[in-house]
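Protein chains get the first letters and strands the later ones, always in sequence-line order, with residue 1 at the start of each.
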Amino acid sequence: MNQTTLFAETVRLLLEGRIICAISHESSYDYLEQDHHFQAVDEFLQKIERKLARTTDHKAFFTVYLIPNEDSADKAIRNQFKEVVLHLESLVKFLSLCRVSQPGAEPLSAGSVLYESELLSAIEQSSAAQQLLDDLAKGRFVHSNATDGKGKLKTLMQRLIEHGYLVSVGRSGAHYIATAKWSWLYDTMSFIQAHEGYQEEQVQLETDSAQQEML
Amino acid sequence: MSGMHMAIDTLKVMARHAETLFAAHMENQGTLYDTPENATAIKALRTHRLIWQLDSDADHYQMSQYVTQLLDHSLRHYRRHQADESVQSIWMRLTNHLLIQYQDAKRRSLQLETKRLSQDLQECLHELIELMQQATLTFAYYVTGGFTYITDLELRLKENEYVLERARKLNDVLDSFKLDELQQIAGADPLLRRLLLKYLPDTLTFCRRELVDSLHKLNNLLLRLRSNVQQHRLIAAFEARHERQPGWEPSIEGIMRLPTALLKAEPWILVAYPNTDDSQHEPWLSTLASGIRHSSPQPTDEHVLIDVEDNCFSESIQPETNPLQVAADIVFQEVIQHDLTLNASDAYQLLELDCPIDDWLLTLINALGSCTGGIEQAILAEYIEDPDPRFPDQFWTRDIRISQRQTL
């Protein structure tokens with residue numbers, strides 16, 4: 001693919017709202033890794049009131065609004081956040097499931113390899129993992145009607161592929177690689193945690209001042 | 001007692017008192033104090049000349065050099081871990097002891113002593129070089145392994161920090177060897193120049209290169225582990241929050257400054273249309289247009305045709321007869337045959353129909369509309385209607401008068 005085609009392909013992916021990483025879109029990721037390409041794409045996006053951004057760990061690129069306070073952008077951002085919140089519990093449960101299934105393994109991140117058979121075997125051996133899978137299958141993110149663990153896990157993995165968190169590799173359909181969308185999720189979670197911490201702190205301060213007033 | 005039995009007994013005694021020997025070697029530089037708890041060990045070890053004492057009044061014994069050497073050999077791996085201290089210790093022995101004795105012996109032309117000390121010097125330097133190489137490669141082993149032998153992420157992080165600190169110390173030790181200082185020590189002595197200005201610098205170069213590489217990788221590993229621990233804590237915090245407060249949903253209402261991750265733009269769908277005024281598009285458009293004329297609509301991905309297995313008529317099923325339809329047919333036949341005028345409501349009562357009267361009226365109208373064989377032309381249906389009290393132009397059918405149409 002030549003540079004012009006790569007530019008067009010990369011911009012198209014970015015405008016489609018894709019999160020570009022080395023796992024999901026290798027050539028576009030490599031293209032954006034070069035500073036002058038990054039600047040060229042960013043300059044183009046700025047002309048249409050968008051901006052090129054990357055996750056904190058620099059593992060993924062995505063498009064953000066240039067003027068987030070503008071009404072339509074603000075509305076879209078808040079709608080998008082609601083969608084994240086809608087699936088947040090399920091995604092956290094999946095991360096916990098991976099941790100319970102592979103004790104000592106690093107938390108799931110871009111490039112982590114998952115084998116359905118290994119997960120299933122770990123789930124069968126751990127009641128905690130079994131419970132997590134059952135909860136996930138019942139939740140709105142997966143919503144599986146399967147009655148067996150294999151069916152539930154298959155649907156779960158399929159949903160994660162649909163939402164861009166995993167890519168399927170090989171012909172077996174049971175071998176997956178995590179994308180850097182997890183990095184984006186971790187960034188979002190970090191902000192929520194910090195913000196919630198701030199809120200708790202505020203509540204604490206308000207309580208303290210109320211108590212002082214009473215005294 | 002044969003030699004073999006003596007040797008085996010010696011080894012057994014060492015095994016029996018291994019912990020005492022080890023403690024003396026590690027903690028007291030090979031000194032074993034004459035205390036009541038050491039009494040049995042001292043007696044056995046003395047019998048096999050594994051410890052010795054010059055002054056019988058002294059309160060301690062000294063371990064034999066052979067035992068010390070054996071322990072040193074077995075502790076090589078451990079000493080590698082403490083390499084920074086060991087390197088310094090060997091270097092001090094080499095410069096403060098052997099080198100001074102060697103130079104003194106040489107100055108005094110003591111041939112035998114000079115030869116012995118030159119061998120000791122070479123052996124000492126070899127030990128130093130080997131130790132530095134092994135210590136350096138140990139860090140490379142940690143990098144390759146990534147501390148995966150520790151399952152807990154927090155402990156793995158601490159171990160990485162500890163190893164990194166040791167690598168830095170070793171690096172400091174290696175940096176303490178200055179070439180001009182070595183040149184000064186070596187002077188014009190050919191042996192010392194060969195040892196200190198060739199073998200030692202070669203090793204130092206190799207070790208520095210390897211160690212810098214290991215330090216860089218250990219730093220990267222540390223960053224990755226810190227990030228892992230952070231993510232691990234983040235997941236645990238969310239897990240705990242969901243568990244503590246089921247159905248909890250975070251909100252960003254009222255927050256003005258959002259992080260980049262949350263500013264992600266929603267998809268912008270790009271749709272392109274051909275330019276019919278552009279002559280460059282003409283060949284493509286004409287091909288497309290001619291294709292439309294000749295080709296039948298193709299099913300798209302969204303509307304995939306699926307073979308439906310229709311089992312409705314797989315068996316011979318007799319259509320059910322509608323009793324109201326049968327009743328309507330009877331009414332029409334009777335009106336025609338006997339030239340009757342009949343109200344639908346009368347027929348409803350006469351035939352004792354089991355349905356609301358509205359259904360019956362509707363069936364009569366429908367049946368008349370679907371009649372064949374001239375019946376529809378022979379029958380006259382007149383609606384008996386009442387106007388709606390609120391909307392006078394609206395009529396409600398109360399009954400139907402059925403009679404035979406009179407022909408002129």
More than 12 heavy atoms of other groups within 6.0 Å of B/Glu249 CD: yes
CG-CZ distance between A/Leu88 and B/Arg241, expressed to the nearest 0.5 angstrom: 11.5 Å
Interchain contact, B/Asn228 with chain A, by part (heavy-atom threshold 4.5 Å): both
Intermediate values then yes/no, side chain to side chain contact (heavy atoms under 4.5 Å, CB included), B/Phe238 and A/Ile192: CA-CA 10 Å; B/Phe238 273 77; A/Ile192 293 171; 3.8 Å; yes
Which atoms of A/Tyr65 approach chain B - backbone, side chain, both or neither, heavy atom under 4.5 Å: both
For A/Arg78 against B/Ile252, the heavy-atom pair lying closest together: NH1-O, 2.9 Å
Interface moiety of B/Ile235 toward chain A, non-hydrogen atoms closer than 4.5 Å: both
Selection from A/Leu91, A/Leu185, A/Leu14, A/Ile48 maximising heavy-atom pairs under 4.5 Å formed with chain B: A/Ile48
CD (A/Glu70) with more than 12 external heavy atoms under 6.0 Å: yes
For chain B, the option from A/Lys93, A/Glu16, A/Glu89 that forms the most heavy-atom pairs under 4.5 Å: A/Glu89
Point-to-point distance, once rounded to the nearest 0.5 Å, from CG of B/Leu258 to CG of A/Asn69: 8.5 Å
CD (B/Glu243) with more than 12 external heavy atoms under 6.0 Å: no
Chain B contacts, top residue of A/Phe81, A/Phe62, A/Trp184 (heavy-atom pairs, under 4.5 Å): A/Phe81
Over 12 non-hydrogen atoms of neighbours within 6.0 angstrom of CD in A/Glu49: no
More than 12 heavy atoms from other groups under 6.0 Å of CG on A/Asp71: no
Top of A/Ile77, A/Leu66, A/Thr188, A/Asp74 for chain B proximity - count of heavy-atom pairs under 4.5 angstrom: A/Ile77
Donor-acceptor pair, side chain of A/Gln80 and main chain of B/Lys264, under 3.5 angstrom: yes
Option in A/Pro107, A/Ala73, A/Gly17 with maximal non-hydrogen atom pairs under 4.5 Å from chain B: A/Pro107
Interchain contact, A/Thr55 with chain B, by part (heavy-atom threshold 4.5 Å): neither
Test log, rule side chain to side chain contact (heavy atoms under 4.5 Å, CB included), inputs A/Arg99 and B/Glu239: CA-CA 12 Å; A/Arg99 204 193 58 206; B/Glu239 265 181 276; 3.0 Å; yes
Side-chain (B/Trp268) to main-chain (A/Leu15) donor-acceptor, under 3.5 angstrom: no
Gap between atom NE2 of B/His242 and atom OG of A/Ser90 - 0.5 Å precision: 9.0 Å
Residues, nucleotides or ligands: over 12 heavy atoms within 6.0 Å of B/His216 NE2: no
Atom CD of B/Glu19: over 12 foreign heavy atoms under 6.0 Å: no
Pick from A/Leu95, A/Val84, A/Val64, A/Leu86 with the largest number of heavy-atom pairs that fall under 4.5 Å of chain B: A/Val64
Portion of A/Ile19 that has a non-hydrogen atom of chain B nearer than 4.5 angstrom: side chain
